[in-house]
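Read the structure below first, then the notes.
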Amino acid sequence: MSQRIKIKALLQSGETGTEVTVKGWVRAFRSNRFIALNDGSTNGNLQIVVDFENTDPALLKRITFGAAVSITGKLAPSLGQGQSVEVIASEIEILGDCNPDEFPLQPKKQTLEFLRENAHLRFRTNTFGAIFRVRNTLSFAVHQFFQEKGFVYLHTPVITQSDAEGAGEAFHVTNFDLNNVPRTDTGEVDYKQDFFGKSTNLTVSGQLEGELGAMALSDIYTFGPTFRAENSNTTRHLAEFWMIEPEMAFYDIHDNANLAEELLKYVISYALDKNKEDLEFLTQRLLEEEKQKPQNERSELSLLDKLQFCLNNDFERLTYTEAIQILRDSTPNKKKKFVYPVEGWGTDLQSEHERYLVEKHFKKPVILTDYPKEIKSFYMRQNDDGKTVAAMDILFPGIGEIIGGSQREERLDKLETRMDELGIPKDELWWYLDTRRFGACPHSGFGLGFERLVLFVTGMGNIRDVIPFPRFPKNAEF
Ligand code: ATP
Ligand code: MN
């Protein structure tokens, strides 16, 4: 038997006349003669021609949708449409049977909901094959981008003592027997007896630890799992997601925004280059899906055009205050079309507002800066106006917030005052405050939600479809 070759490589460079071995899963078997074989290296199937007259009928019967097979044969130019080469099988081995009466997948279009319930098998569809190859490319591109710039990849802890935002969205980590939790004399949970001797949780952000690294290594980034127990059953939230958090010494808010825009463009362009076929497939998928919508709800641009558009245009930059003005004067606000009317300065933007700015008003990605300090975190740098902080959110079409970041407050007195105002325990964050005591410097960073990026690039509509095994309220299957 010749050496096994992956289908992608074979389609790219296979020389006709040579003997090859390919292995994969049967996607279709027509006329007892043509197998469409897929091995996940590409969405393109390889056509295998079976000499059915000289093949044992019992073997032919086992070539069913989903079966794993190994095929050896000669590579030949294909006469049929849709492929340039095919393999004339001389040896067929069934590696794993797949009973069509029991196999949950069918060789027809199945709904995304059905596939989500069968997430263990959905990799075997063209759509999910494309999504996860694109996801892979994007994650590699993120590393490549930062590595080229000399950033250090820093692994921040998954188990932490602090809930960075103090938002109470953290999952507890405990070793207690939950039926018999030790309590103090006053009836409170006695964390002293727990594994870490303190109350601990899964990290909601690696930022605070990331800042510690940046205060010596200059530029670091994290890229790891992040957990939030927010009970938001939306198409943009997961309970477990991956976040990329760069943190840069000596960067102000503008340097921060520039880096974020450059990163997004770099990784999108990387995927367009590396996964052209997959993105063409996903563009077609979206077109088909949108055919079911009324004309006025369909996207103006196709997925590929949207990605290209993103690369060719500067992101719009404006302040929160300017955005509020635009929203207040907007037609949907005047006609009371927003679920949350835009009343005045100081309230947080809802996703419908963010999407109006991006999709209707500017029609391109938007970087919003200088938010009211009341709606942002304690560590953001206070502006001279006494009302706003040097925050920066990047909003994307169809997604809303994709990045949240800021210049950090490096002045100890200002930081401590703000923590006191918000009731954030300074003693617990003594190590964070130390960076402001010893060699503090201006610095900035942001968090990019990786799945929101994959959502944008693949044109999918639900974040649960761009992570292999989504975790969300009432679901941790697989
Ligand atoms: P949102 O308002 O959309 O809930 P957030 O303000 O809570 O976002 P940050 O705390 O700033 O978000 O987190 C940084 C980034 O992480 C966000 O811009 C987003 O891309 C991503 N993100 C936040 N929460 C989630 C989640 N539950 N699931 C997936 N991605 C998330
Ligand atoms: Mn949130």
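Keep in mind the model is a prediction, meaning the values are calculated, not measured. We count ligands from 1, going down the list as the structure has it; atoms in each ligand are counted the same way. Side chains included, hydrogens not; waters and symmetry mates left out as well; all remaining heavy atoms used.
Using a cut-off of 4.0 Å between Lys/Arg side-chain N and Asp/Glu carboxylate O, Glu416 and Arg436 are scored as not salt-bridged. With respect to the salt-bridge test (charged N to carboxylate O, under 4.0 angstrom), the residues Glu409 and Arg411 qualify. Remark: Asp420 engages Lys426 in a salt bridge, criterion side-chain N to carboxylate O under 4.0 Å.
In this structure, a donor-acceptor pair under 3.5 Å is absent between the side chains of Ser444 and Asp252.
Close approach of ligand 1 to His237 (heavy-atom distance below 4.0 Å) involves ligand atoms 1 (P), 3 (O), 4 (O), 26 (C), 27 (N), 28 (N). Under a 4.0 Å criterion applied to the non-hydrogen atoms of Arg236, ligand 1 contributes the atoms 28 (N), 29 (C). Taking a cut-off of under 4.0 Å to the non-hydrogen atoms of Ile403, the atoms of ligand 1 that pass are 18 (O).
At least one N or O atom of Ile402, backbone or side chain, sits closer than 3.5 Å to an N or O atom of ligand 1. The shortest N or O to N or O distance between Gly449 and ligand 1 is under 3.5 Å. For ligand 1, none of its N or O atoms has an N or O atom of Met243 under 3.5 Å away.
Of the options Glu451, Glu401, Arg452, the smallest heavy-atom separation from atom 11 (O) of ligand 1 is shown by Glu401.
Of all heavy-atom pairs between Lys414 and Gln382, the closest is O-NE2, 3.2 Å.
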Please walk me through it: do His143 and Tyr221 pass side-chain contact (heavy atoms from CB on, under 4.5 Å)?
CA-CA 9 Å; His143 285 293; Tyr221 68 106; 2.7 Å; yes
